[in-house]
Asker: 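Below you'll find the structure I mean.
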Amino acid sequence: MSERRTYYLTTPIYYVNDVPHVGHAYTTIAADALARSRKLRGHDVFLLTGTDEHGQNIERIARERGIPEQQHCDEIAAVFRRLWDRLGIGYDRFIRTTEDVHKRGVLKLWDRLVGARTPDGREAIYRGKYAGWYCPRCEAFKDEDELRQPGNVCPDHERPCEWTEEENFFFRLSAYEEWLKAQIESGRLRIDPEGRRNEVLGVIRQGLKDFSVSRARVKWGIPVPQQPDHVLYVWVDALSNYVTALGFADDAPEYRKFWEGADERLHMLGKDIIRFHCLYWPAILHAAGVPVPTREFAQGWMTKDGKKLSKTTGNVIVTDTLIDRLGVDAVRYFLLREGSYGQDWDFTDKAFVGRYNSDLANDLGNLVSRALTMVGRYCEGRVPTKPGLVAAVEMRFEEDLQLPGTVKHRTGVVLDSYEALDFSGALSEIWSWIAQLNQSIVNVTPWELAKDPARRQELEAFLYRLLEAVRIAAVLVSPVMPGATLRILRMLGQQGAPPNPSDLAWGVLEPGTALGAIEPLFPRVETKTEAEAKEKSPVSDTPVPTPAPPAAAPAGGEKIDIADFAKLELRAARILEAEKVPGSKRLIKLQVDLGDERRQVVAGIAESYEPEAIVGRNVVIVANLKPAKLMGVESNGMVLAASRDGKAVLCTFAADVPPGTKVK
Ligand code: MSP
């Protein structure tokens, strides 16, 4: 693997004016996934997150709640930490701007700024008079042309701005135009995605205005030493967290390692705060003689059902509710898979549940359970013999699975996609592999190999490689779903430690290792529309008289009435389990998912299908047949199949449909 690099990586620090929002979770999960992918490559990573606790807004909210500001901040910061813990965010430090070490750090930076000179030799900080429209929610002055009329309304917060006149300290941003442009154009400060970079360059071209860095009317903040009745502008206070958290105040070793000495200093943020991060912050640092960030990545905006997320209109997504519904891994997976990071995207509940069922329950869940079930059945639940690299079976394997070389290539593609913050790309690469692995089981037909003792070596070679492929796919998914990875690794009989670079190598599984117990990874859930459809469905409420089985259907092309056909209740059913009926050559006992119920159905298909081969398939069953006993086993329905040359061919669907869907 490449040389070990030092990466510093931050999320914005979130305002404590309210409890966490799904947008906060989105940025934080993305940052955590990137940090984990870099750790997986063996790099030295420091992930910082935290809370932004000063300013007029907090002052107002605490007053409204009738409690001291600090108490309010403590309470909300704790809610953020709890949610990050619940989401499995592996942050290295949670900074709060009310911490003493932060305040000392901000004052040190301020001290350097006060004595600093601009590139053209003027004072970087000066006293001046400010008059303008101030939005207390943004904690920023707004240009007149940004405001919505009438009422001078802030477009972000939809509230009127206040006309404010103050004697303030200013930062001479205008003197840093050329320097900022050169930084960004040269790529020394890389801004992603490219559209955002162009936007920032566009703002510079229009000319940068100096901005005021102290506030006279705010109490809840860090007092300006030169004018103690002022506090430092909350954005100067907040941005400084990126260095103060590492111990800038005391020139701590962590500061020297992860800020000054880092190979990359990356800030991840939303597009709403680009101006502060890409213009104000680098200029401030440069003026103070401190190294500047090397990269900033602005993510896209999330909406729900095509509309802006807003508490006022009730269009909200509560992260805890998403977790309660489908679990932490599913939430992390969906947020990073559905949208393209950096672009705007829309959250819908339907897509959340849909992806859960198709990507997690079906594709990944089925692969893991099929692989482990076969090893359980054919290899007594132990990792089979490791195949030699040049055996004849390799050729077959190359077609059906992936040879180690190909795996290495795939691993590289996935890790590079993470590195480019293309989480969706990384996941779709893993999922195309998962699809191939599922297909390889169908192609190789291990159940056929198992019948022939002479093909034992071939069987073991296939299963070994399948397990290895499952293991590596699980490791590759770990930056996004660390919990699922550990569960899969445990099922593979591995230690429960977070994966490291050696886990990406081919051939880690030791033959003979006992596999752990198989646990359901992602149990399928019902979508809202499925549930609603069932409630409305006349079929489930009104039992239809049992029709005669198809064998007794009118012969010789005699036509039936549509009413006769309507008596049949045909439904999609997903096969959950399949096993041969002992003592029968023909019968397989199936457990099927019918959406709202689980059923046992016996089918005469054992001469045509191996039980393992049909688990996960979506078939058609006659759902309203009277129960019958076949070889003493109860059957509640009938599976439809065609017969070709004496072999059964199951009726399936051209595209995935939810179990229980009516077939007409
Ligand atoms: N406290 C400042 C940041 C200071 S950093 C030195 C702040 N806080 S915030 O609580 O408003 O968080 C803003 C960030 O939350 C955005 O930059 C973005 O990362 C995330 N998001 C909030 N809502 C979002 C969406 N609807 N969609 C995507 N991300 C969003 O600004």
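When a ligand or atom number is given, it counts from 1 through the structure's own listing order.
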Asker: Side chain, backbone, both or neither: which part of Phe276 comes within less than 4.0 Å of ligand 1 when only heavy atoms are counted?
Answerer: neither
Asker: Among all protein heavy atoms, pick the one closest to atom 16 (C) of ligand 1 and tell me residue, atom and distance.
Answerer: Asp272 OD1, 3.3 Å
Asker: Taking the six-membered ring for Trp, are Tyr242 and His277 closer than 6.0 Å centroid to centroid?
Answerer: yes
Asker: With atoms numbered from 1 as shown, which atoms in ligand 1 lie under 4.0 angstrom from a non-hydrogen atom of Thr27?
Answerer: 18 (C), 19 (O), 20 (C)
Asker: Ignoring angles and geometry beyond distance, decide whether Tyr242 reaches within less than 3.5 Å of ligand 1 through its nitrogen or oxygen atoms.
Answerer: no
Asker: I'd like to know if the side chain of His230 reaches the main chain of Ser214, judged simply by a donor and an acceptor atom lying under 3.5 Å from each other, with no hydrogens or angles considered.
Answerer: no
Asker: Asp250 pairs by salt bridge (Lys or Arg N to Asp or Glu O under 4.0 Å) with which of Arg104, Lys108, Arg256?
Answerer: Arg104
Asker: Ignoring angles and geometry beyond distance, decide whether Gly270 reaches within less than 3.5 Å of ligand 1 through its nitrogen or oxygen atoms.
Answerer: yes
Asker: Is ligand 1 less than 4.0 angstrom away from at least one heavy atom of His277?
Answerer: yes
Asker: Relative to ligand 1, is Thr303 under 4.0 angstrom through side chain, backbone, both or neither, heavy atoms considered?
Answerer: neither
Asker: Looking only at distances, can you tell me whether any N or O atom of Leu269, backbone or side chain, sits closer than 3.5 Å to an N or O atom of ligand 1?
Answerer: no
Asker: For ligand 1, which atoms have a heavy atom of His24 less than 4.0 angstrom away?
Answerer: 9 (S), 10 (O), 12 (O), 15 (O)
Asker: Any nitrogen or oxygen of Lys271 lying under 3.5 Å from a nitrogen or oxygen in ligand 1? Just yes or no.
Answerer: no
Asker: Using atom types as modelled and distance alone, determine if a side-chain donor or acceptor of Arg93 lies under 3.5 Å from a backbone N or O of Ala245.
Answerer: yes
Asker: So, does Asn241 use its side chain to make a donor-acceptor pair with the main chain of Asp52 at under 3.5 Å?
Answerer: no
Asker: Considering distance alone, does some N or O of Asn241 sit under 3.5 Å from an N or O of ligand 1?
Answerer: no
Asker: Quick check: does any side chain N or O of Asp329 sit under 3.5 Å from a backbone N or O of Ala484, one acting as donor and the other as acceptor?
Answerer: yes
Asker: Measure the distance from atom 7 (C) of ligand 1 to every protein heavy atom, then report the residue, atom name and distance (to 0.1 Å) of the closest one.
Answerer: Tyr15 CE1, 3.5 Å
Asker: Just go through Tyr26, Trp301, Trp345 and tell me whose heavy atom is the nearest to atom 22 (C) of ligand 1.
Answerer: Trp301
Asker: Could you list the atoms of ligand 1 found under 4.0 angstrom from a heavy atom of Asp52?
Answerer: 1 (N), 2 (C), 4 (C)
Asker: Number the atoms of ligand 1 from 1 as they appear, then name those within less than 4.0 Å of a heavy atom of Met302, with their elements.
Answerer: 25 (C), 26 (N), 27 (N), 28 (C)
Asker: Checking Thr49 against Tyr14: is there a side-chain donor and acceptor pair closer than 3.5 Å?
Answerer: no
Asker: Between Asp349 and Lys304, does at least one N-O distance fall below 4.0 Å, as a salt bridge requires?
Answerer: no
Asker: Given Thr11, Ile13, Ile273, which has its nearest heavy atom closest to atom 2 (C) of ligand 1?
Answerer: Ile13
Asker: Which heavy atom of Thr348 sits nearest to which heavy atom of Phe334, and what is that distance?
Answerer: O-CZ, 4.2 Å
Asker: Where's the contact between His21 and ligand 1, heavy-atom distance under 4.0 Å: side chain, backbone, both or neither?
Answerer: side chain
Asker: Please check: side-chain N/O of Arg265 versus main-chain N/O of Leu9, any donor-acceptor pairing under 3.5 Å?
Answerer: no
Asker: Short list, please: which atoms of ligand 1 are under 4.0 Å from a heavy atom of Leu309?
Answerer: 26 (N)
Asker: Is the closest heavy-atom distance from Gly300 to ligand 1 below 4.0 Å?
Answerer: yes
Asker: Using a plain distance cutoff, I'd like to know if Tyr14 has any nitrogen or oxygen under 3.5 Å from a nitrogen or oxygen of ligand 1.
Answerer: no
Asker: Between Tyr91 and Thr10 (side chain of the first, backbone of the second, donor and acceptor by atom type, cut-off under 3.5 Å), is there such a pair?
Answerer: no
Asker: Glu199: which residues meet the salt bridge (Lys or Arg N to Asp or Glu O under 4.0 Å) condition with it, sequence neighbours left out?
Answerer: Arg196
Asker: Classify the ring geometry between Tyr176 and Phe171 as parallel (under 30°), tilted (30 to 60°) or perpendicular (over 60°).
Answerer: parallel
Asker: If you measure from atom 28 (C) of ligand 1 to every heavy atom of Lys308, Met268, Gln299, which option wins on shortest distance?
Answerer: Gln299
